[in-house]
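The structure appears right after this line, and notes come after that.
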Amino acid sequence: MKYVYIIVSLVLAAAPAMAQTPVYLDETRPVGERIEDALGRMTLEEKIAVIHARSKFSSPGVARLGIPEIWTTDGPHGIRPEVLWDEWDQAGWTNDSCVAFPALTCLAATWDEEMAALYGKSLGEEARYRKKDMVLGPGVNIYRTPLNGRNFEYMGEDPYLSARMVVPYIRGVQSNGVATCVKHFALNNHETNRHNTNVIVDDRTLYEIYLPAFKAAVQEGGTWAIMGSYNLYKDRHCCHNAHTLNDILRGEWGFDGVVVSDWGGTHDTDQAIHDGLDMEFGSWTDGLKGGYRNAYDSYYLAYPYLERIRSGEVGTEELDEKVRRVLRLMYRTVMDRNRPLGSMCSEAHYAAARRIGGEGIVLLKNDGGVLPVDMDHARKILVVGENAVKMMTVGGGSSSLKVQREISPLEGIRERAGEGVSVVYERGYVGDVTGEYNGVTTGQDLSESRSADQLIADAVEQARDADYVIFVGGLNKSAHQDCEDSDRVSLGLPYGQDKVIEALAAVNDRLVVVNISGNAVSMPWVSDVPAIVQAWYIGSEAGHAIADVLSGDVNPSGKLPFTFPARLEDVPAHIFGEYTGVPSRDTVDIEYKDGIYVGYRWTDLQKKTRPLFAFGHGLSYTTFEYGEPVLDKTLMSRDGSVTVSVVVTNTGTREGQEVVQMYVGDRKSSLPRPLKELKGFEKIRLAPGESRTVSFTVGTDDLSFFDPDRHEWVAEPGKFDIYIAAASDDVRGKVTFELE
C-alpha cells in the first residue's frame, strides 16, 4: 500500500501541470493569441532562423518549442521530385514520382472555374501526401510577348481571365492545408535578363493589366503566400520592394500572409529587413566554402540581420512582424492537425488531368470537317513528328517533373484506334534528342541517323496513301523554347518543321497539325492545312487527352487565353522596341510603352492587320447560335447594376460546350480606353437542339478604369456597350446602356 500511495500522490501532483497546455499549442485558443504566445517564447536566434531557408526547399521550425519546419515544393503543374539537401540534383528517391497536370496555359484555355477548382484540389492532395506545406505557384504573370520562355506556366494575356481562374485553383490547393505561393509578383513578363531588368510602367497600366490577378489571389482566393519576382521595379528588386510589397500588397490589399523570395531573388539585407520580405530562400551564397558551419547562415536575413540587431543598428520590430506572419502560415498548414492526409498518383488524379487536358485543347481550324478522325474505320493513319513521342514533363526549368507515367500522343492514338486501323509513325524532323533535367532522365533514345531530307521523304511517302496524316510538332521545353531562364529567338517553329508540314500538305488533303506549345507560333502554311489543333503541354495524360479530341470522343471546347499574332511585328511590345532579348550583365531598363494595349486590346484597334487566331477563339464539332442579347434596363445608377441575357442554342448534331464571353466598351472617356475588355464568361454544355439562357451582371466595377492622378478606380457617366461574343473577334450581339 505504501508504494501505491506514493505513486498515486505523484500522479495527482503532476496532473495540474500536465493539464496546462501552452497557449501556442492550444487549438481552442484564437490563432492571434497562439501566435503572440509562441512569439514571446522564441529567442532572437530562433526568430532569425524561421525567416530563411536551411535547405534548398525548407525552413526550420523551433524544435525546442515543438514547432515544425516548413517544406516547399515546385509546381505549379505537379509536385517536384526530391532534391539533395543542398543541391539541385535529385535525391534518388524511388517514391517521389507524381501526376503531371496540364500546364497553366491549358488550364486557362478551359475557361472553366470548375476545372481550376478540380486542378487545385488534385494538386493539393498530391502535395499534402508528400508532406509539402507550400506549393510554389500558380503563376499569373501577363502574356505580353510570345517570346517569353515562361508563358506556358501562366494564364494568358487577360487580367480578368487570369483572376477568375486563379481563385478556385488557390482555394482547391489550400483546402488540403497546403499554401499556394502565387508568383511572380510583379511584372515578370520575360526571362532574358530576368535578374537585372528594371521595368518602367505607368500606374494605370500596372493596376489595370499586371496587378488584377494578384489582387484577386489575395482578396478572393485568400492565398497564404506570395512570391516576389526577380526583376526590378522603380529600381528595386521585387523580392524586397517597398512600393509593391508594403504599399500595395499589404497596405492597399490587406495581405496577411508571407512574402517569399524567389530562389536567388534577395540582394540586400537592409532592403529585405524594411521592404516587405518575410522568408528568404535560395540565395546564391556559398557559406560552406566561405568558412561558415552552415551555408544558410550567410543569407541576407540570417547572420547579417542578426549582427545588425546585436549591434543596435536595427531593432526587432520588423523581425517580430515577419515571424508573426511565418507563424500564421504554420498554423494554417503544418500546425493544423485537422488537415486531410492527401493522396498521390491516384486514378482520380489521372482522370482529372485527362479531363482538364481535353477541355483545354483548342480546335483552331477545321475546314471540310477533316476532324474528328474516324479512328474506328480508317485504314491507315500516319503520325509524324518528334513531339508525338518525346516526353514533355522533363525540362522547362523549375516546373520539370518526375512522373509515374506519361502517355505520348502516338501511344494515345494507337490505343484509341480500332483493331483494323494501321497507325504508322514517321519522325519527320529531329529536334532535341536530350531528355534530362537536374538528374531526372526520360530514358528515351531519340537518336536519328537519317538526314533531314530523308526524314521528310520517308514521311511524304507514307503520307501518299494515308487516310489521315496527323503531324504532332511545335515547341519543347529546351532552352530558348518554352523554358525558364531563356526566351525564344523567333516566333517560328524550330527544327525546320514548316518544311515538313508543307511537304505533307502537298500530298495529302486530310492533314491535321497538332501544335504542342505554351506559346503562339507563326503558321506560314495555315491556308494549306485544313485542320489545326492547339494542344499545350498536357502532362501525364497528354496522349489520352489528344486522342480523345482527335477521335471526337471529347468535343473540343477550349478557347485561346492569348492572341496568336500573324507576325512578331504585330505585337506592340515589339512594335515599340521595348523587348530586348539581348543578354546583359548591367541593369536593363524596359519601358512598357504598349501600356494597357496588350493582346486583343491592341488588335481590336488595328484596321490593316488581323491576328492569326484571336483571343477567345476556339471551334467545336458542333455549332452554336446566339440570340439577340437583352438588357433588363438601359440606365444604371452609380450604386446599381444591369443584367444582360442571351439565349444560346446548339444547332449541330453533337453535344458540346461553348464559352459565352461578355466584353464591355466605354464609348467616351476622359482617358483612352480599349474598344472592349473581357468582364464575364460562362462555359455551358448543350445537347443537340438544346437552348440555354446565359446572364451576366455588369456593375460599376466593370465599367471603371484606373485614374493615376486620383489613384483610384473611376466609372465615368456615359454610354457603354456590352458585347456578347464567341471570341474577341467574333461578336454575336451588342446592347447599349447609360451610366448616370
Does one side chain, of [X] or [Y], offer a donor that lies under 3.5 Å from an acceptor on the other?
{"X": "T563", "Y": "T603", "answer": "no"}
{"X": "S447", "Y": "D445", "answer": "yes"}
{"X": "S398", "Y": "E484", "answer": "yes"}
{"X": "Q454", "Y": "D458", "answer": "yes"}
{"X": "D730", "Y": "Y626", "answer": "no"}
{"X": "R150", "Y": "N188", "answer": "no"}
{"X": "N555", "Y": "S620", "answer": "yes"}
{"X": "S691", "Y": "E625", "answer": "no"}
{"X": "T434", "Y": "D432", "answer": "yes"}
{"X": "R488", "Y": "T192", "answer": "no"}
{"X": "D729", "Y": "Y600", "answer": "no"}
{"X": "Q534", "Y": "N515", "answer": "yes"}

Separation of [Y] [atom2] from [X] [atom1] (nearest 0.5 Å):
{"X": "L118", "Y": "Y169", "atom1": "CG", "atom2": "OH", "answer": "12.0 Å"}
{"X": "M391", "Y": "I407", "atom1": "CE", "atom2": "CD1", "answer": "10.0 Å"}
{"X": "C483", "Y": "L475", "atom1": "SG", "atom2": "CG", "answer": "11.5 Å"}
{"X": "S551", "Y": "I381", "atom1": "OG", "atom2": "CD1", "answer": "9.5 Å"}
{"X": "N151", "Y": "T145", "atom1": "CG", "atom2": "OG1", "answer": "7.5 Å"}
{"X": "S728", "Y": "E677", "atom1": "OG", "atom2": "CD", "answer": "12.5 Å"}

Thinking salt bridges, do [X] and [Y] make one under a 4.0 Å N-O criterion?
{"X": "E502", "Y": "K499", "answer": "no"}
{"X": "E426", "Y": "R450", "answer": "yes"}
{"X": "R416", "Y": "D376", "answer": "yes"}
{"X": "E411", "Y": "R405", "answer": "no"}
{"X": "E114", "Y": "R355", "answer": "yes"}
{"X": "E157", "Y": "R601", "answer": "no"}
{"X": "K380", "Y": "D465", "answer": "yes"}

* **Geometric cation-pi criterion, R164 with F681: 6.0 Å, 45°** =>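 Output no; distance or angle outside limits.
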
* Looking at Y537, is K477 sitting on its ring face, NZ or CZ under 6.0 Å from the six-membered ring centre and within 45 degrees of the normal? -> yes

For the residue pair [X] and [Y], is the inter-centroid distance of their aromatic rings smaller than 6.0 Å?
{"X": "F562", "Y": "W602", "result": "no"}
{"X": "H574", "Y": "Y579", "result": "yes"}
{"X": "Y210", "Y": "Y592", "result": "yes"}
{"X": "Y143", "Y": "Y154", "result": "no"}

On a heavy-atom basis, which atom in [X] and which in [Y] lie closest, and how many Å separate them?
{"X": "M155", "Y": "P561", "value": "O-CB, 4.1 Å"}
{"X": "V421", "Y": "A378", "value": "CG2-O, 3.0 Å"}
{"X": "M165", "Y": "A116", "value": "O-CB, 3.3 Å"}
{"X": "P372", "Y": "R654", "value": "CG-NH2, 3.3 Å"}

I'd like to check [X] versus [Y] (side-chain heavy atoms, cut-off strictly below 4.5 Å). Are they in contact?
{"X": "V507", "Y": "V469", "result": "no"}
{"X": "H544", "Y": "Y350", "result": "no"}
{"X": "E569", "Y": "I575", "result": "no"}

* For the residue pair F471 and Y429, categorise the inter-ring angle as parallel (less than 30°), tilted (30 to 60°) or perpendicular (more than 60°). =>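 Because their plane-to-plane angle lies in the 30° to 60° range, the rings of F471 and Y429 count as tilted.
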
Is [X] reaching over with its side chain to a backbone N or O of [Y], donor-acceptor style, under 3.5 angstrom?
{"X": "T651", "Y": "T623", "value": "yes"}
{"X": "R427", "Y": "L446", "value": "yes"}
{"X": "N189", "Y": "I142", "value": "yes"}

* Among R692, K559, R685, R732, salt bridge (Lys or Arg N to Asp or Glu O under 4.0 Å) partner for E658 ->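 One option only clears the test, and that one is K559.
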
* **Stepwise ring-ring contact (aromatic ring centres under 6.0 Å, His included) check, F613 with F615** => CA-CA 7 Å; F613 296 106; F615 172 81; over 10 Å; no

* Asked: Does a sphere of radius 6.0 Å around NZ in K121 hold more than 12 heavy atoms from other residues, nucleotides or ligands, not counting ones at 6.0 Å or beyond?
  -> no

